[in-house]
Amino acid sequence: MPEGHTIHRIARAHRRHFAGRPVAVSSPQGRFGAESRVLDGRVLEDVEAAGKHLFYHWADAPSIHVHLGLIGKFRTHREPDLPVPGPQTRLVLAANGIAAHLTGPMTCRLCDPEEVTEVIDSLGPDPLAGDALRSARPVRRFAAALAGRRLPVAAAMLDQGVIAGVGNVYRSEILFLCGIHPLRPAASLTEAEAGEVWATAVHQLRHGVRVGRIVTVEPADVGARSRRAVPEELRLYVYKRAGEPCRRCGTAIAAGPAGGRAAWWCPSCQHG
DNA sequence: TCTTTATGGTGAG
DNA sequence: TCACCCTAAAGAT
């Protein structure tokens, strides 16, 4: 379930579990075998998250670059329940009585500092970066990227060069929260609208990191007392809710393609 | 025991 | 725009 919030949570957990100590590295599946032998037993210096990308930095060795893609998953196991990794497990990191098993990643490779920089330079601003609201630069970069595109704003929001870490759930939910129709041309958004989309992305993804899942509804809209008390099936306003009533106005939620993937919106709450 | 689906991304045509 | 990559769980038969 990887949008940016998942990746940043993994980085935080793996930093806590593994950074600053020697880490056993292996690849039961074998596709990362030679690379894992280079790193096995080295000290992990830091774990870095950038959009949907993860980097594991080691002393005097290339970094591991991981991208989960659609189906990639890290599972964490603790002593005394440390299972033998299955044959599909691409990467195992283990230290401190804790093991992380990686399956199904789109990317798991070694890369040198230049390649790390190359990946990061290809990304737009990350709403989960520390300076996302402190500095004016990220929102300016985001607004400028939108201003340069004729395609629908919903399509632009899936472009990792426009905003890094937003995926198919958050893009529809964020545009609902901002009252902006997903098929409006990206360049038609005003400076103020772009600023609101950015700020909403920051708040929503931060919340996702905090609670470990995507919850965008205001509790009051679904009769819950707190966001943590929102039932699983009521977490979202529009994603995958085609034909169901809007949680705010009751209008049937609409769906259609944007940027090659399905998007959802409320025809009454979102205009343009 | 199948088929489908998924919060992603790339490369070919 | 399409085929394809990777895995596992849920749904259909």
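It should be emphasised that the depicted structure is a prediction, and the values quoted were computed from it without experimental measurement. Every chain is numbered from 1 and lettered A, B, ... according to where its sequence line falls, protein lines coming before strand lines.
Among the protein residues, E173(A) comes within range of no part of the nucleic acid, since none of its heavy atoms lies under 4.0 Å from any strand. Residue-level contact check: R171(A) touches neither bases nor backbone, having no heavy atom under 4.0 Å from any strand. Contact annotation for R213(A): no contact, since no heavy-atom pair falls under 4.0 Å across all strands. Heavy atoms of G167(A) sit under 4.0 angstrom from primed sugar atoms or phosphate atoms, though from no base atom.
The nearest whole Å value for the distance from the OH atom in Y237(A) to the P atom in dT7(B) is 21 Å. Rounded to an integer number of Å, the gap from R109(A) CZ to dC5(C) P is 20 Å. Straight-line distance from the CG atom of L70(A) to the P atom of dC6(C): 14 Å, rounded to whole Å. Atom-to-atom, CE of M106(A) to P of dG9(B) comes out at 6 Å; the value is rounded to the nearest Å. As rounded to whole Å, 15 Å separates atom C1' of dT7(B) from atom CD1 of I163(A). Atom C1' of nucleotide dT4(B) and atom CD1 of I71(A) are separated by 13 Å, given to the nearest angstrom. A straight line from CZ of F74(A) to C1' of dA8(C) spans 17 Å, rounded to a whole angstrom. Straight-line distance from the CZ atom of R90(A) to the C1' atom of dC5(C): 10 Å, rounded to whole Å.
To the nearest whole angstrom, the two P atoms, one in dG13(B) and one in dC5(C), are 15 Å apart. With both ends at atom P, the span from dA3(C) to dT4(B) equals 14 Å, rounded to whole Å. When the P atom is compared between dT10(B) and dA8(C), the two are found 23 Å apart, to the nearest whole Å. The gap from the P atom of dA9(C) to that of dG9(B) amounts to 22 Å, rounded to the nearest Å.
Distances from the side chain of K240(A) to the nucleotides dT7(C), dG8(B), dT5(B) place dT5(B) closest. Which of dC6(C), dG8(B), dT7(C) sits closest to the side chain of R31(A) comes down to dC6(C). Taking only side-chain atoms of Q88(A), from C-beta outward, the nucleotide of dA8(C), dG8(B), dA6(B) with the closest atom is dA8(C). You'll find that the side chain of Q29(A) is closest to dC6(C), out of dT7(B), dC6(C), dG9(B). Side chain of R75(A), nearest nucleotide from dA8(C), dG9(B), dA6(B): dA8(C). The side chain of Q160(A) lies closest to dG9(B), out of dT7(C), dG9(B), dT7(B). Relative to the side chain of K52(A), the nucleotides dG8(B), dC6(C), dA8(C) differ in distance, and dG8(B) lies closest.
If you chain together hydrophobic residues whose side chains sit under 4.5 Å apart, I214(A) and V211(A) fall into the same group.
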Could you check F74(A) against H14(A) for ring-ring contact (aromatic ring centres under 6.0 Å, His included), going step by step and ending with a plain yes or no?
CA-CA 10 Å; F74(A) 264 114; H14(A) 287 187; 4.7 Å; yes
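Contact between the side-chain N/O atoms of H67(A) and the OP1/OP2 oxygens of dG9(B) is found at a separation under 4.0 Å.
In this structure a side-chain-to-backbone donor-acceptor pair under 3.5 Å is present from R235(A) to E232(A). Put simply, the side chain of S188(A) never gets that close to the backbone of R184(A): no donor and acceptor are under 3.5 Å apart.
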Which pairs of donor and acceptor atoms, one on a side chain in residues 143-163 of chain A, lie under 3.5 Å apart (sequence neighbours left out)?
unit_1, atom_1, unit_2, atom_2, d
R149(A), NE, A145(A), O, 3.2
R149(A), NH1, D159(A), OD2, 2.8
D159(A), OD1, G161(A), N, 2.7
Q160(A), OE1, G165(A), N, 2.8
Q160(A), NE2, L158(A), O, 3.2
Q160(A), NE2, V166(A), O, 3.1

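When only modelled atom types and interatomic distance are considered, H101(A) and T89(A) share no side-chain donor-acceptor pair under 3.5 Å.
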